[in-house]
Amino acid sequence: MTINWFKFASPAAFYPIAGRLIPWFGRVALALVLIGLFWGFFLTADQLGGSNPQKEYYRIIYVHVPAAWMSMWLYLVLAGWSAIGLVFNTRLSFMMAKAVAPTGAIFTFLALWTGALWGRPSWGTYWDWDPRLTSELLLFFLYIGYIALHSAIDDTRRADRAAALLAIVGLVMVPVIFLSINCPDPNQCAALHQRSDPGSIHLSILIPMLTMTLGLWSYSFAAVFARLRTIILTREADHAWVSDVIAKEATA
Amino acid sequence: MVSRCSHPQPNLLMLDVSDLACRRGERLLFSDLSFQVPAETLVHVRGRNGSGKTTLLRALCGLLRADAGSIRWRGEPIRDLAEDYNRDLLYFGHLNGIKADLTGLENLRIASTLDQDPTDADAIVAALSRIGLEGFEDLPTRMLSQGQKKRVALARLILSKAPLWILDEPFTALDVDAVDLLQQLIAEQVARGGSVILTTHQEVPLTSGAIQRLTLGEASDPVSSENTESSC
Amino acid sequence: MLKVFYCVLSRDITLALRRRTDVLTTLFFFIIVVSLFPLGVGSEREQLRMLGPGVVWVAALLASMLALERLFAADYDDGTLEQLLLTGQPLALLVLGKVVAHWLLTGLPLVLIAPLVAMQYHLSSTAIWVMMAALAIGTPVLSLIGAIGAALTLGLRGGGILLSLLILPLYVPVLVYGAGAVSVSAIEIADTQPYFYLLTAFLMGSSLLAPLAAAAALRISLE
Amino acid sequence: MMEFFSQGGYAGYVWGAFGMTFGLLLIEVLQLRSSRKTTLTRISRLLRLRAPRQAGAGPSMQRGTSGPTT
């Protein structure tokens, strides 16, 4: 039994499906985030001993790391949908990519903001060109580049495809950019492995952090699908199915 | 000129378009458009402004990717042929496609080397003089008038050996005798077995071969063809 | 095949030489930007020597980026770009020809003028040689990657600003290792070897992939 | 309860980070909701203005509105 994926590729078919999924993802996200916060704030130690002693401000990790992971994951999703759109020429994939970009940019900004606020107490400055934060900053420029290019072109068809190509070129360049930032001096390249990789974090902190990540992940599904439905409506306005959807929903 | 009497039977099918659909932005311009262009045929595309004539021509020459349907050149989809199809094609858009800082001679020499049939200088000079530009060959084209610039671009029609011509409003900005010359060139192209697809608002008399009229924007059957009044 | 490459190359060079001013504007922009910094930062010798490589590279980045806009714009306006798409030649080859011509007209002069500019920053002679070598390898990469951006922003109003927004993040690796090579050469000349390996790797990688991406971008822009 | 809010003296940083995060996400949700509403009203107005379209291959052209739309 081969599933005809292209059946779902038509915006008309996907619109109602997305509509049903949004509330479900929204509720799951809310639940996960609340559990993660409660766990992180009340059930864990106030201060961290061990190799990297930190005071209460370490709790910013519950937001900073999930946001950073989500920003990188959403860029992969953005580049993935762009590639699918260019190869299969399906309009829905381009709409999906356009729907992902703003949420990804927001998470990147959040990662930078929370990273700076965490850096101040622990390193003494808001910004010290730490390789991870600098890579986030450049990822932020890639998102802004995608959004700016897409909005600068009026013809939606060319805008989709040009921004998609930019996302793919960006994806190819990301490892090279991250290499050049994490290891500016190839002679002694100690900085490549992160100072505190997730493995070394205490379990009782790792669990809430992962729950928060899942919460933000399910939140981004809901946000992206909501934006996608608006994009589908604007772009398919002159199709027949939109008029009866409008009639039904405008009155509801 | 002896008008060769050949019945335009569709022996050698050149271009075959089947249920083509094109969209401009979010507006669907035309859909389920099918027509064949056999050898020795002139396709005269007509329609109001905005009915998608230019979009159709750009889709036919591969510049624009159609939303649906297929375009085949001698049985092969043009997307697979890519460069080979380009070699058999000469496209003439709204812009002249010549560099203002280069002379007429240089423009044509570069155009022919890029089309991979480098012609020697005096063939180019002959083409330029036939088009009515002798004495202007080695003048930078920015000094020429709008009509003369168009003639330099038209000189490529003389030099080209491409079997398929796609011309978008070729007659604009041309004076009377340039129009006659262009009509003669098109008639020669069709007579020697080539096909021409063009959009224009005036008639194009042929010495032989068939004329197909393709009107866009009408709900009725867009394709109607009639043979020229030639004796055969 | 190569004949076509040279045809495009020589066409672009003759075109540019007929409008000599365009070539010089990029060069003077580079010189002005480089000589502005000492006025802003103060002309204390040790500081300038430390600052020199970075400033020269950033100026080279900006100069080559500003010159990119003219890469396709002139051909786009007079219709020759359409004809280039419709020749019987692989588009990537023609794009490579245009990019090499663009580099010869904007990148190479930067490399040749670098010693003159480096003296403003009291760089040692070895540092000047290393900078010229690094620029010679790095500026083609800038032109190649920039060609993708130029193709994407073709015919857009405000394309120049948009082009810099899209392309500058992609220039970071060349900047980091280009400037790094020069500053390391002051300490230990042998240490610059890995930098040049990386820069050459970027050059080879981008000269293979960038024309393909730029050709795809052109097809999208000219739809 | 008070020491919870003070977060060992780092309240500014902790709540600055959390506040920005959930504040921004909330703003995004509200923005999505309002853009959906404006899109719905804009398209319904557009559809009401446009007369019932002729079916057929022709492009979706306006055939002129049929009388004043109530």
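For clarity, every value in this text was computed on a predicted model and none was experimentally measured. Chain naming here is simple, since letters A, B, ... match the order of the sequence lines and numbering starts at 1 in each.
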Exercise for the section: Count the heavy atoms of every other residue, nucleotide or ligand shown that sit under 6.0 Å from CZ of B:Arg79, and state whether that count exceeds 12. Expected result: no

Exercise for the section: Kindly check if the number of other-residue, nucleotide or ligand heavy atoms within 6.0 Å of CH2 (A:Trp241) is above 12? Expected result: yes

Handout entry: Per-residue contact mode, A:Arg91 against chain B (heavy atom under 4.5 angstrom)
Key = side chain

Fill in the blank from the handout: If one checks every heavy atom of A:Arg157 against chain B at 4.5 Å, the contacting part turns out to be side chain

Problem - For the student: nearest non-hydrogen atoms of A:Val87 and B:Arg65, plus distance - result: O-NH2, 4.0 Å

Fill in the blank from the handout: Here the gap from B:Leu64 atom CG to A:Arg158 atom CZ, rounded to the nearest 0.5 Å, amounts to 13.0 Å

